[in-house]
Amino acid sequence: LNAVLRDWQEPLRRQLTAEEAYRVDTIVVPLDGSAGAKMALPVARTLAQVERATLHLAYVGERELDPRQAWQQLGLSDEDLHGVVLQQLTGMPSPVSGIPSPPAERPAYTLPGPETENGKLEAAAEAILRLVHSLPAALLVMSTHSAGQHPRATLGPLVDAVLRCAPTRIVLVNPERGEVSWPIHRVVLAHDGSPTSDFAIPLTADLAQRAGAEVTALHVAARKSSRAMEPGSLPAPRYLDQPQHEWPRWAGEFVERMMALGAPPAAVTFKLLVTGGQPGSEIAQFARDHHADLAVVAWYGDWQAQRVGAVKVVVRRAGCPVLLICAPQKAVVSG
Amino acid sequence: VLLAGGKSFAMPEVALSTEVRDGWALIEEGFTLAREHEIESLFAIGNGYVGNRGSLAEGSPLSAPATFAAGVFESSPTPGSVPGFFVLPDWTGVRAWVEGQPLSMEQGQILEHRRLLDMAHGVLWREWRQTDVNRRITRVMALRLASLADRHLLVQSVVFTPENYSGQLRLVTSIELPSNVQTSPPSERYKARRSATRPNVLPLALRSPGREVTVAFGVASQLVALDGRHAGQREIEITDRRITERFTVHADIGAELRLDRLIAIYTSRDPVEDPMESATNHVNRMLPAGVPRAIADHTAAWEARWHDADVMVEGDEFLQRALRFSAYHLISAANPEDDRTSIGARALTGESYKGHVFWDTEIYMAPFYCLTHPPSARALLRYRYHTLPAAREKARRAGYQGAMYPWESADTGEETTPSFVIDPAGKVIPVRNGELENHITADIAYAVWQYWNITGDDDFFLSGGAELMLETCRLWASRARLEADGRYHIRHVIGPDEYHEDVDDSAFTNLLAAWNLRQGAETARILAERWPQVWKEHAARLQIAPEEVASWTRIAGGMYSGFDPATGLFEQHHGYFNLEPIDLAAYEPRHAAMDVILGHERIQRTNVVKQADVVMALYLLWDQFPAEVREVNFRYYEPRTGHGSSLSPAIHALMAARLEDPALAEKYLRQAAEIDLGNNMGNAAGGVHAAAIGGLWQAIVFGFAGLEFRPDGLHFAPHLLPHWRRLAFPLQWHGRKLRTWIEPEAFGIHLEEGTERVRVTLAGGAAVEVGPQEQYVCERQESAWGEWRKLKKEF
């Protein structure tokens, strides 16, 4: 743990190398002992299996526990332990962790930061991300809610705090899906035609290839959008002079750009679909209607901004785990 | 325009450099891979015979180099497929290796990169400084052009300068077919071979699949050092799909090496016996004078065309560039020497639309050629005359008389509209435009009449134009049906508003059909009166009886138009007023077309209009309607129009200008100007929007300058935007060349060439008879035009 936390000055957002962007070596699942948080485990296990990655379970609690005791507190079985690395991130208040605080047996490492609830949440979120960044090609997998929190209205406070820190790659799992196993057959990739969306392609393609899943790239022509587009974007056409010519051309151009800029493996076939409406709702609806196992969305990393409204809608309503991939800042333009 | 380092490139033998005058250059700084396809379109070069996309010579992951020859198509035996442009071998490929390392933007660092289209001279420049992985800096300056003076000739010149090293430079040039393009093997006679007599002129010939058009290249390449000596060694490899030349040379630090290439292209469509022999002979003829002479002739040809075509708008830099961009691509698209081809929707700048010809050419582009280069307009309209047999056959098969032009056509004039499209939602959507979008027949007749009206080219009229007018008129006489209400109706059509398919009594279609019928009768009357022998011959050959001519006028007079005298509104088509109303303003701002947002089926149930429809009819038939009808219909349909077609904004700008709504006119004018240039959203990736740029030119000349052609001469009703200081443009009318200029308080006209006087009137002002070489100016006095004043000196 000390090794993990040795450098607090390390930036919270870390760019993946081009090679790392294509793979996952480590899966990190923060757990606070609540039933809700545990619901991320089936997804994490499948991802670890598909990617041949090492699964790290990060206990988030008020005090550091004996590893065996922590294991029990998290409600995990011996089978769950196989091949898993336990990490402990301590200093969290009980209401967040959901675990009664045991008596301190040895001095716990206390997270720095203000002693307020929000301050501790932020500190916990930062600790989770520092753990993620310290591990090779890591992917964070989290449940959207812990115990006692309404699963749909808002995200849980810890995952909300994590998202405010703009994790590079995170899979969000709604605990409503339960502890059932999670196969990956159908992946829907939300693509707004921007270079930012292309950042989601390498990992999506890698996952799909390894899992033998089909990928549908879904482009939603926004019903109303004042957002300025990034240079190099290819949104749904403003002019469709003759659809019999424009659609094949536009689709060809869209796919060519995806292939050139996202450079997915040739073995993966992308199916492109376009619909109109509000992007968040349409993507979530499509994922539900087509029984998607995973929705992938590239985003700008500013969880507070109005423009991530569509991302929030997808996270809440897609009905499947959602992989958020944060584009490097240089690809983001304001608007 | 200088390279960032302060250096400009000049070819010393000719007066051409990268120092392009302001307003005449289209510049792309840096390199954004994702935009590569649209850059290739925008920076395309062409001369009406051949067009070439502005691809990078060494290629990139998103490069799509393509060369097209007008009229050269390929086709597939696959059922349902339609002919499309045959992508010719890429002649622009030049790749370099420095000491074995490829010179590539993907390796090392780009220090400077700029592409510059010199629109004044029709030259595409590229300036590039690249550091390789060993920090060697190479400077590359390149130009290419498709000669406007000699349409069979293509020129490429590339200068390499090792800035901080000396070492081995290896260059590989090629002419090759892209791997995804299939070709029929050439016959034995056309197998690629070295020329025995001129070893440095290399031939390559191919045939387009399904159409069997032979395309032949002759190529001569030369690498010269700064002092003019031949440099290095050359190896040649020739296969059926490729000519490759490899040059190896020791490059000295700071010393320029120039690779010059002359490429001639001929096809079996040309009136030559042997395209390959013609191509090689052509290059041989050009070799003594070389690249400099070819460039000089080419630039002189462009300067001559610009003299007759340049629209100047002072006070609006973006619009000025957009107008030059428009004229540049329109000039690049037309070939007055070939009247068996026409201009496709993306001209010769992209593969999109397969090179197919639509009403775009006649209604949106032809006016530009009529007023700036009548021979080009004539050739385009003669294409329709030559395809009259196919149009007759289409009418016959549909059970009609006369000529029914295809919605989309290629080389033969047969219908080439695809029968279905799979939209990106995965739905198979039948495409019925080829069957139902019949208004194109009247549109073509309109353009023929307009050309004759503007040019007075009686030879054209008598050698095909009149026949086309009569045969198109006949279509409508058989297409319209007299019904119980005593009116003639045209049912089951698609109007310009293609959101609504299979409608009855499209106002645009019926109004244009009625116009076509009247002008058909007028054609018969004029022929009988002025050229009775010609009329006798036409009437006999086409079996036109006097009573048939009389019926045309009767049908035109009885045509249902959907006009409501109580409101002054035309109903766009039967039932339009009952469609679901959509508040388009509630969807703004938006990036996507309304049919994408609402879906193909829903949009048909709404009152959203795709593009200028009734508004288009008001423009084309301006004189037929009282001012209040024009006003009320424009105000009704404008807010209901989604502008889902690039053809729409320019016409709305034109109409708003004529209706004296400067704010609305400016909004649409800017939207029209931005279609290819403005938002970099991939609009132009498949080629430039040739109709939209033709529409932009029309918006200026017919809208903001308010030009109309009247029986007694030219009429202007200027409506300049407040920030414009001056609008000036040349025009040709009945064999005379005029120049006009408009300022907020003054109007000037100069009869530059021609022996006969021209009568010019200003809206609300007096007329003036302008004689040869005379210049007149008229100034506003308070709100009205004053007296004409003759100028002594050229303005």
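Keep in mind that this is a model prediction, so the values were computed, not measured. A, B, ... follow the sequence lines: proteins, then strands. Residue 1 opens every chain.
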* Does the side chain of A/Q242 come within less than 4.5 Å of B/W407's, by heavy atoms? -> yes
* Sub-3.5 Å donor-acceptor pair from the side chain of B/K354 to the main-chain atoms of A/H245, do we have one? -> no
* **Non-hydrogen side-chain atoms of A/R249 and B/R346 separated by less than 4.5 Å** => no
* Contacting moiety of B/P649, where chain A heavy atoms sit under 4.5 Å -> side chain
* Would you indicate whether the side-chain heavy atoms of B/F358 and A/D241 approach each other to under 4.5 Å? => no
* With only heavy atoms counted, which part of B/D360 is less than 4.5 Å from chain A, the side chain, the backbone, both or neither? -> neither
* Interchain contact, A/E253 with chain B, by part (heavy-atom threshold 4.5 Å) -> side chain
* Structure fact -> Pair count under 4.5 Å, heavy atoms only, with chain A: among B/S352, B/G644, B/S60, highest is B/G644
* Asked: Can you tell if the side chain of B/V596 reaches within under 4.5 Å of the side chain of A/W247, non-hydrogen atoms only?
  -> yes
* To do: Indicate the atoms forming the closest heavy-atom contact of A/Q244 with B/E408, along with that distance.
  => NE2-OE2, 2.8 Å
* To do: For B/H37 and A/E256, run side-chain contact (heavy atoms from CB on, under 4.5 Å): C-alpha distance rounded to whole Å, both residues' side-chain angles, the deciding distance at 0.1 Å, then the answer.
  => CA-CA 10 Å; B/H37 287 170; A/E256 272 190 58; 3.0 Å; yes
* Asked: Given that the side chain runs from C-beta out, which part of B/A586 has a heavy atom under 4.5 Å from chain A: side chain, backbone, both or neither?
  -> backbone
* Let me know if B/T417 has heavy atoms under 4.5 Å from chain A in its side chain, its backbone, both or neither. => side chain
* Does a side-chain heavy-atom distance below 4.5 Å link A/L240 with B/S645? -> no
* Minimum heavy-atom distance B/V421-A/P248, with the two atoms named -> CG2-CD, 4.1 Å
* Between B/A345, B/P61, B/A592, B/S646, which has the largest tally of heavy atom pairs under 4.5 Å with chain A? -> B/S646
* Pairwise distance CG(A/L273) to NZ(B/K427) - rounded to 0.5 angstrom -> 11.0 Å
* Asked: With chain B, which of A/A221, A/A251, A/G193, A/G252 has the greatest number of heavy-atom pairs at distances under 4.5 Å?
  -> A/A221
* Is a donor on one side and an acceptor on the other found under 3.5 Å between the side chain of A/Y239 and the backbone of B/H689? -> no
* Asked: By number, which residues in residues 598-605 of chain B have some heavy atom less than 4.5 Å away from chain A?
  -> none
* Asked: Are any side-chain N or O atoms of A/R257 and backbone N or O atoms of B/A34, one a donor and one an acceptor, separated by less than 3.5 Å?
  -> yes
* Asked: Heavy-atom distance under 4.5 Å to chain A: side chain of B/Q611, backbone, both or neither?
  -> neither
Under 3.5 Å, side-chain donor or acceptor atoms of residues 200-215 of chain A against the rest of the protein: list the pairs with distances, not counting sequence neighbours.
residue	atom	partner	partner atom	Å
A/T204	OG1	A/A200	O	2.5
A/D206	OD1	A/R210	NE	3.2
A/D206	OD2	A/R210	NE	3.0
A/R210	NE	A/E51	OE1	3.3

